[in-house]
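Down below is the structure, laid out as C-alpha cells.
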Amino acid sequence: MIISEKMKAAQAIAEALGPVQIISVSKFVKVFYVKSKDIYVIPLRGHIQQYKNSPAYKKWNARDPREIITNPDAIRRFSNDFAGPYISALEKYGKICSLCIIGTDADVEGCSIGMIDALPFVKQVNPSIRIKQLWLNDLSQNSIVKAYNNLIPPKWSWAYSGDARAILDAIIGFSATREVSLTLKPILKKIGVGFTSIGRVQTSLLYLLYLREHLIRNFVSKPFWSLSADLALKDRTIVATHLKNNFTDKILAESIYNKIKNAKDAYVVSIKKSSKKILTPTPLNTSKTLVLITKILKITAKDALKTLEDLYLNKIISYPRTDSDVYSKTYDHLSILQKFLIHNTYGNYVKTRFRLKKVNPRQGKVDAGDHSPITPLISLEPTSPKFENDLQKKVYDLISRYYLALFGDPAEESDTKILFSIKEEEFISRLSVLTDQGFYSIAPFLSKKYDAPLDFFDQLSSGKDSNKTDSTTKTHLGTLPVKKINFREKGTQPPPRYNDSSLLKLMERKNLGTKSTRPSIIQILIDRSYIERKNRMIFVMELGFLLMDALKVIWLPFLDPKFTSNVEMQLESIRKEKKQMKEVVKDVKDEFLILFDKFRQEKPNFLSKMNVLEQTGNITRGRDNLIISNKKVFVPNKTRPDSSKNYKYSTALCPNCKKNPMKLVINRDYTKKFFVCDNCNTFLSLPKKGTPKILKSKCLICGFDVVKITRKVRNNSYDYYLCPKCWNQGLKEKTNEGFCSKCKDFTIENGKCVKKKEYP
DNA sequence: GCAAGGTC
C-alpha cells in the first residue's frame, strides 16, 4: 500500500504505476488499485489528526493554564472529524498488505502526515508490516516511476520535526491564549470580545503591524521645500527639479526661487541616455502568485488563495501550493502552448513564440522539490462556462498571461537624464520610456508606468542611433521656454500602511507562516478584532495595539519574529538528526515557561495598561462614529468578527413573519444549530447531533426547505432528512413528526421531496 | 472558546 497526502497525488501515483481500478471506500473517499502490481494507493486529506487538550483540560477554568506547558498529558492527538473513512481504509488495506510505502509530500509536514498521523493506524492492525518511503519530487510519471524503483527508508527525523512543530504550537498557543484571555476576562466582556489569542506566528505578525502602526501614529511631519520648473516642449510640459532638492533650509530655497522666478529660458546642458533590458519574469510559486493577485486585482489574500484552489479543483490550473519557481527539465510546455494557439486573445502571441522557436520558459532559482510552478492547464476564453465567477476569470487571465510571458522577449526601456541650467541653477529631468515592449505585450500588468516617448531629444542628440548607444553626452543643445517656476512647501510622510500584498511580502521576508497559511493568519488577526482592513489598508485596532503595547515590556523575546525563527532552527536540527525531538520540545517549553511566569509576575502592570480599553470602551481607532467614551458596552456588531457572509439561508420565508428567509446558525463546535429569522427573531431548532445542510428541495407539506443531517458515529457517517418546520411542530405537539423517513405521503429521492409511489 | 499546519 502507498499512503498519499491527497486525492490528486494518489491518483497520479497509481496511474503512473499501471492501469487503475477505483475502489470507493466511502461516499467521498476513493482508493486506487493498481492490479498489475497489486498496490493500493490510499489518499489522505492533509493532516488527519491534530493536537487538542485532553478531556481533563478541555474546560478553560478546570486546570491552571500553566500545566499545559508542564504536564505532558495536557495535550493529546485526536482524529479530525472527516478522518473516519481514511482511517477505515488505512486499517482495511493495512491488514492485507505486506509493505507500507509513505508517499506523502516530500517535506516535513508530509512526513509527519504519513508517519505520525496515518502510519499508526496501519501498524496497529499489522505490526510487522515493512515500511518504506516514496520520495517524490513532482507528480510526473517519470519521477513517480523512478522514485518507486528507488524507495528509501522512512525519514523519521523529518516526521519528528513536524510533530515537534505541532506540539510546540499547541502548547504555546493553548496555554498563552488561555492565560491572557482569563486575565483580561472582565475587560473583554465589556468590549464584547470572546478571547484574545496568542500564537507563535500570529502574535509575531501582530507585533510587526503594531510597530508600523506605532510609527504612523507617532509620526511628526517635518517640512521641506522643493523647487521645480515647468518647461514647455511643443504641446507638452516636462518637469525638471532642482538638483539640490529637497531643501530643509527654507531661506536658501527661497533665495534661489527669488533669483530664478522670472527666468524665461532653460538651457539644455546635457542629455544622458542609457538603455536597460528588463528580463522576462520567473515562474510563479504560491507566494509570488498571492502577491501578484492581491496587488493587481486588489483583493484579499484569503480570496486570492480560495480562487486559486477553486481553479485547481476544476482542473484549470496546476496545484496552487508550491515553493518552487523552477520547472523540471521534462515539463511539457509544448502541449500547453499548443492549447493556447487558438485562444482569441493570447493566440497571436503564442503563434509568434512558435515562429521564433521561443518555447522554453525563463526559470527561477528555487526547486523546493514539491510541485511545479503554478501553470494554466487549459486554454479558456473569458466566456467559458468553466468559470464559476468573475474573479476566477480574472485570476486565470493573470496566471495565463504571466505564464505566457515566461516565453517572451525581454523588454527594453530607455532612461534619459536631461540637465538644464536656469540662471546658473541646475535642474534635472528624468524620462523613462519603453522602447521595446517585449513580454509586456502579453503581461502589461507587470510593467511600471512609463513616460510618453519624446523624439525631440533624439533629434537633439544629433541623430545617433540612441537604441544602441548606452550613454551619449552632448552639451549646449538648445533651450526650452520656462512656463513656470514652482516653489512648494511639503511635509515628510509617515511610512505607508500595509495592505494584503505588502503584508504577504513582509511575512515571506520574516519567514512567518507558510505558503498555505499566510492568508489565514491575516484573517485570524481580523477575526480577533486585532486589526481591520479599510480601503485595502491594514489598521491595528485598539485591542491589538494595547495588547502589544502592554506585552512588549514582558514578552519581547516572544513577540519578536526571532522567537519563531529560533524555533524553526531547532526544528531543523531535529530534521538533520543533530538533536532529539524530546530535547527540542523540552528546551522550547522551558524557554516559554520562563516567559509565561514572567507574564504572571507582571500581571498587575499588564492589567492596568489594558484597563484603558475598559475606560474608553473602544477597541477600534479612526472610525470616529464608533468612539464612544464612558459607555461600558458599545461594540457594534460590525467590529466583531464578521462571519455573516458565511451564513446559509433558507429559500423559504420565515413561517412567522413571512418577510425574510431564515438564517442557519451553526456555532464553531457544532453544539448550537438553529434557524433564526433576522426580522422577527423566530427560532426553528434542529437536532443536537449531526451537521445540517439546506437542500434545494422544499417540503411538500409545508413548503419549508428540506434539511439533510449528516451524523458521524465513530468512523462512519450516515444521513437523514427532516423538515425543520414540521419537526419543530412535532416537538411542540409531541407527535414526533417532521422526519422525512416517517412521512406518510412523501419521501426523499435524490435529495428531493417527492410523492411516494403508490403500490396497488 | 485556544495554535499552525495540512487539505475537498
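The analysis underlying the following values was restricted to heavy atoms, covering all of them including side chains, and did not include hydrogens, waters or symmetry mates. Fair warning: this is a prediction, and the values are worked out from it, not measured in the lab.
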Have a look at [X] and say if it touches a base, only the backbone sugar-phosphate, or nothing, with a 4.0 Å heavy-atom cut-off.
X: A:Glu309; answer: nothing
X: A:Arg200; answer: sugar-phosphate
X: A:Ile198; answer: sugar-phosphate
X: A:Asp117; answer: nothing
X: A:Tyr312; answer: sugar-phosphate
X: A:Gly162; answer: nothing

When you get a sec, tell me which of [options] is the closest nucleotide to the side chain of [X]?
X: A:Arg165; options: B:dC2, B:dG5, B:dC8; value: B:dG5
X: A:Trp60; options: B:dC8, B:dC2, B:dG5; value: B:dC2
X: A:Arg45; options: B:dA3, B:dG6, B:dC8; value: B:dC8

OP1 or OP2 of [N] versus the side-chain N and O atoms of [X]: is any pair under 4.0 Å?
X: A:Ser197; N: B:dC2; answer: no
X: A:Arg528; N: B:dA3; answer: yes
X: A:Ser516; N: B:dG5; answer: no
X: A:Tyr319; N: B:dT7; answer: yes
X: A:Gln202; N: B:dA4; answer: yes
X: A:Thr517; N: B:dG5; answer: yes

Which residue, A:Lys185 or A:Lys515, contacts DNA chain B at a nucleotide closer to its 5' end, judged by nearest heavy atom?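 This one resolves to A:Lys185.
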Quick check on DNA chain B: between A:Lys58 and A:Leu512, whose nearest nucleotide comes earlier from the 5' end? A:Lys58
Grab the [atom1]-[atom2] distance between [X] and [N] for me, whole Å please.
X: A:Ile524; N: B:dA4; atom1: CD1; atom2: P; answer: 6 Å
X: A:Gln49; N: B:dA3; atom1: CD; atom2: C1'; answer: 17 Å
X: A:Leu571; N: B:dA4; atom1: CG; atom2: P; answer: 14 Å
X: A:His47; N: B:dA4; atom1: NE2; atom2: C1'; answer: 9 Å
X: A:Leu44; N: B:dT7; atom1: CG; atom2: P; answer: 11 Å
X: A:Glu5; N: B:dG6; atom1: CD; atom2: C1'; answer: 6 Å
X: A:Arg178; N: B:dA3; atom1: CZ; atom2: P; answer: 11 Å
X: A:Tyr530; N: B:dC2; atom1: OH; atom2: P; answer: 11 Å

Non-hydrogen atoms of [X] and [Y] that approach each other most closely:
X: A:Pro85; Y: A:Ser26; answer: CB-OG, 3.5 Å
X: A:Leu136; Y: A:Ser143; answer: CD2-O, 4.2 Å
X: A:Ile144; Y: A:Leu134; answer: O-CD1, 4.3 Å

From A:Ile87 atom CD1 to A:Ser79 atom OG, the distance as rounded to the nearest 0.5 Å: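 With rounding to 0.5 Å, CD1 (A:Ile87) is 3.5 Å from OG (A:Ser79).
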ring-ring contact (aromatic ring centres under 6.0 Å, His included) partner of A:Phe563, chosen from A:Tyr207, A:Trp555, A:Phe558: A:Phe558
Taking side chain as C-beta onward, heavy atoms only, is A:Leu308 less than 4.5 Å from A:Thr289?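 A side-chain contact under 4.5 Å exists here.
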